[in-house]
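For reference, the structure is listed below as structure tokens.
Note that the structure is predicted; figures quoted are calculated from it, not measured. Side chains included, hydrogens not; waters and symmetry mates left out as well; all remaining heavy atoms used.
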Amino acid sequence: MDFDTITSISTPMGEGAIGIVRLSGPQAIGIGDKLYKGKKKLSEVNTHTINYGHITDPETNEIVEEVMISVLRAPKTFTREDIIEINCHGGILTINRILELTMTYGARMAEPGEYTKRAFLNGRIDLSQAEAVMDFIRSKTDRASKIAMNQIEGRLSDLIKRQRQSILEILAQVEVNIDYPEYDDVEDATTKFLLEQSKNIKEEINRLLDTGAQGKIMREGLSTVIVGRPNVGKSSMLNNLIQDNKAIVTEMAGTTRDVLEEYVNVRGVPLKLVDTAGIRDTEDIVEKIGVERSRKALSEADLILFVLNNNEPLTEDDQTLFEVIKNEDVIVIINKTDLEQRLDVKEVKEMIGDIPLIQTSMLKQEGIDELELQIRDLFFGGEVQNQDMTYVSNSRHISLLKQARHSIQDAIDAAESGVPMDMVQIDLTHTWEILGEIIGESASDELIDQLFSQFCLGK
């Protein structure tokens, strides 16, 4: 497949120690030669070397920047095309000037994710591996990055390819049955083989889907909302969990006027931690907007941390709020245990039933470890699974696996009901196609374009 040459800045914009301008395509090295002055032309140096010199403006012969240029020749590159990477100082003006020169002399600006898209289209990686590249960049914990790296290395791809190969073997047997319908023993053997192999495929799909909940949390984070009446210690809890003073803490009720979000790593579990405005009736217009946003955050939460004040009796507002959230995944926290106890803990326990209860003092940083363990236990049964497992963490993959499971079950039901083999073949072929969408074997151009458009520029 022939492509033009693309260019982009591949490091974050802003001041930094270095900046990198990357070019990929058939003219990458040629464009580099027009701009680079060093001991040798880039076209003459060995592949996978880094070369010292200067970038100059060919029109004025002005030295623009002192650089180190990596030269990587196809096919042993990320895109399987010729690539050069111009390493320069990290000033915004300089790196933009180099980018402009690369476009002036033959390259065009890369689209978001176009380097990874070329790696996919040139057969270096499949679609699930390409998606894992961005998952790796966006990972919030070591475990999340490990899951993404496993997918980049092809663990999920290998599993999917094995299941697709098994389906092809079943289809080959079905073809024998269709070609020789007069032999009853062939039909019986084919049906037995089909059912055995199809059930194995379904079990493997189920195993992958069983990892989906944990994998999706690892990838996207657990949306965790801290909720309670004003001044019960919600913002203090946010600050303690993220170990930073991001939320304003005062004795005045209603200080938090809006929803605050922070990512935090709790025992290997990424939480998207949301501190909400205290939910109460208020005439303050700004606070009222914050309360409405708090209610919306509650409706979207994976986990709710419901905070009560140990220094105040249980109120009608507390009970009303609990009624709103009691059917969700909730941990109840009695905060401010460093103050005089005025809360009837027995009454609270009767109200919440089997819901986990933790007592804390955010002022003295007591009970935080217990809270973190409880969060982990609630979603991971006491431990996060083995890091070497193959997880499914992508919502698209999970949806396709569910469709594949439904389709293979249709094939199993049809075979067990004595439906003609050519009809069973339709469900098997459909399952094979669905699994192919995960790795890009049968994905549409529109889907591929949409997926890569979500990537960052320069990747």
Approximate separation, where rounding is to 0.5 Å, of Glu81 CD and Ser24 OG
3.5 Å

Locate the shortest heavy-atom distance separating Leu428 from Ala411; write the atom from each residue and the value.
CD2-CB, 3.9 Å

Indicate yes or no: does Lys199 engage Glu203 in a salt bridge with an N to O separation below 4.0 Å.
no

Nearest heavy-atom approach of Leu321 to Gly228 is CD2-CA, 3.7 Å

Is Thr77 reaching over with its side chain to a backbone N or O of Arg73, donor-acceptor style, under 3.5 angstrom?
no

Could you walk me through whether Gln163 and Ile205 pass the side chain to side chain contact (heavy atoms under 4.5 Å, CB included) check?
CA-CA 9 Å; Gln163 302 317 309; Ile205 292 173; 5.5 Å; no

In this structure, OG of Ser198 is separated from CD1 of Ile408 (nearest 0.5 Å) by 4.0 Å

Ile434 side chain near His430 side chain, heavy-atom distance below 4.5 Å
yes

Does any part of the side chain of Leu435, heavy atoms only, come nearer than 4.5 Å to the side chain of Leu401, both counted from C-beta?
yes

Quick one: are Leu314 and Met351 in side-chain contact, heavy atoms under 4.5 Å?
yes

Between Ser70 and Asn87, the two heavy atoms sitting closest are OG-ND2, 3.9 Å

Taking atom CD of Gln27 and atom CG of Asp33, what is their separation to the nearest 0.5 Å?
11.0 Å

Would you compute the distance between atom CG of Leu121 and atom CZ of Arg80 and round it to the nearest 0.5 angstrom?
12.0 Å

Taking 4.0 angstrom as the limit, do Arg118 and Asp4 come out as a salt bridge?
yes

Is the closest side-chain heavy-atom distance between Leu308 and Asp318 below 4.5 Å?
yes

Please check: side-chain N/O of Asp82 versus main-chain N/O of Ala74, any donor-acceptor pairing under 3.5 Å?
yes

Under a 4.5 Å cut-off applied to non-hydrogen side-chain atoms, are Phe306 and Ile331 in contact?
no

Does the pair Asp302 and Ser223 meet the rule for a side chain to side chain donor-acceptor pair (under 3.5 Å), with working shown?
CA-CA 5 Å; Asp302 298 314; Ser223 181; 4.8 Å; no

Can you find a side-chain donor-acceptor pair between Gln409 and Asp413 that sits under 3.5 Å?
yes

Minimum-distance pair of heavy atoms, taken over all atoms of Gln365 and Ile368
CA-CD1, 3.8 Å

Between Lys117 and Glu114, does at least one N-O distance fall below 4.0 Å, as a salt bridge requires?
no

Counting C-beta onward and ignoring hydrogens, is there a side-chain heavy-atom pair between Ile31 and Leu42 closer than 4.5 Å?
no

Of all heavy-atom pairs linking Ala415 and Leu194, the shortest is CB-CD2, 3.6 Å

Roughly how far apart are Glu370 CD and Ile333 CD1, rounded to 0.5 Å?
10.5 Å

Could you go through the side chain to side chain donor-acceptor pair (under 3.5 Å) check for Arg229 and Thr315 one step at a time?
CA-CA 9 Å; Arg229 289 187 296 110; Thr315 68; 3.1 Å; yes

For Gln403, does its backbone N or O pair with a side-chain atom of Ser407 as donor and acceptor, under 3.5 Å?
no

Does Trp432 form a side chain to side chain contact (heavy atoms under 4.5 Å, CB included) with Leu168? I'd like the steps, not just the answer.
CA-CA 8 Å; Trp432 183 82; Leu168 289 178; 3.5 Å; yes

Stepwise, does the side chain to side chain contact (heavy atoms under 4.5 Å, CB included) test hold for Val21 with Ser8?
CA-CA 6 Å; Val21 177; Ser8 69; over 6 Å; no

Separation of Leu23 CG from Arg108 CZ (nearest 0.5 Å):
11.5 Å

What verdict does the side chain to side chain donor-acceptor pair (under 3.5 Å) test give for Asn96 and Glu100, after you've listed the backbone C-alpha separation in whole Å, the side-chain angles of each residue and the deciding distance to 0.1 Å?
CA-CA 6 Å; Asn96 275 325; Glu100 290 168 6; over 6 Å; no

Hey, is the main chain of Arg124 close enough, under 3.5 Å, to the side chain of Asn122 for a donor-acceptor pair?
no

Smallest heavy-atom separation, Ile358 atom then Gly367 atom, equals CG2-O, 3.9 Å

Flag side-chain contact, heavy atom, 4.5 Å: Leu305 against Met237:
yes

Might you work through the side chain to side chain donor-acceptor pair (under 3.5 Å) test for Thr360 and Asn335, ending with a clear yes or no?
CA-CA 5 Å; Thr360 66; Asn335 189 36; 3.0 Å; yes

Worked check of side chain to side chain contact (heavy atoms under 4.5 Å, CB included) between Asp410 and Arg405:
CA-CA 9 Å; Asp410 286 345; Arg405 179 173 62 184; over 6 Å; no

Quick check with a 6.0 Å cut-off and a 45 degree axis cone: is Arg22 positioned over the face of Tyr115's six-membered ring?
yes

Looking at side-chain heavy atoms only, is the closest gap between Cys88 and Ile95 below 4.5 Å?
yes

Assess whether a salt bridge exists between Glu437 and Arg396, defined as any Lys/Arg side-chain N lying under 4.0 Å from an Asp/Glu carboxylate O.
no

So with a 6.0 Å cut-off around CD of Glu323, is the heavy-atom count from everything else above 12?
yes

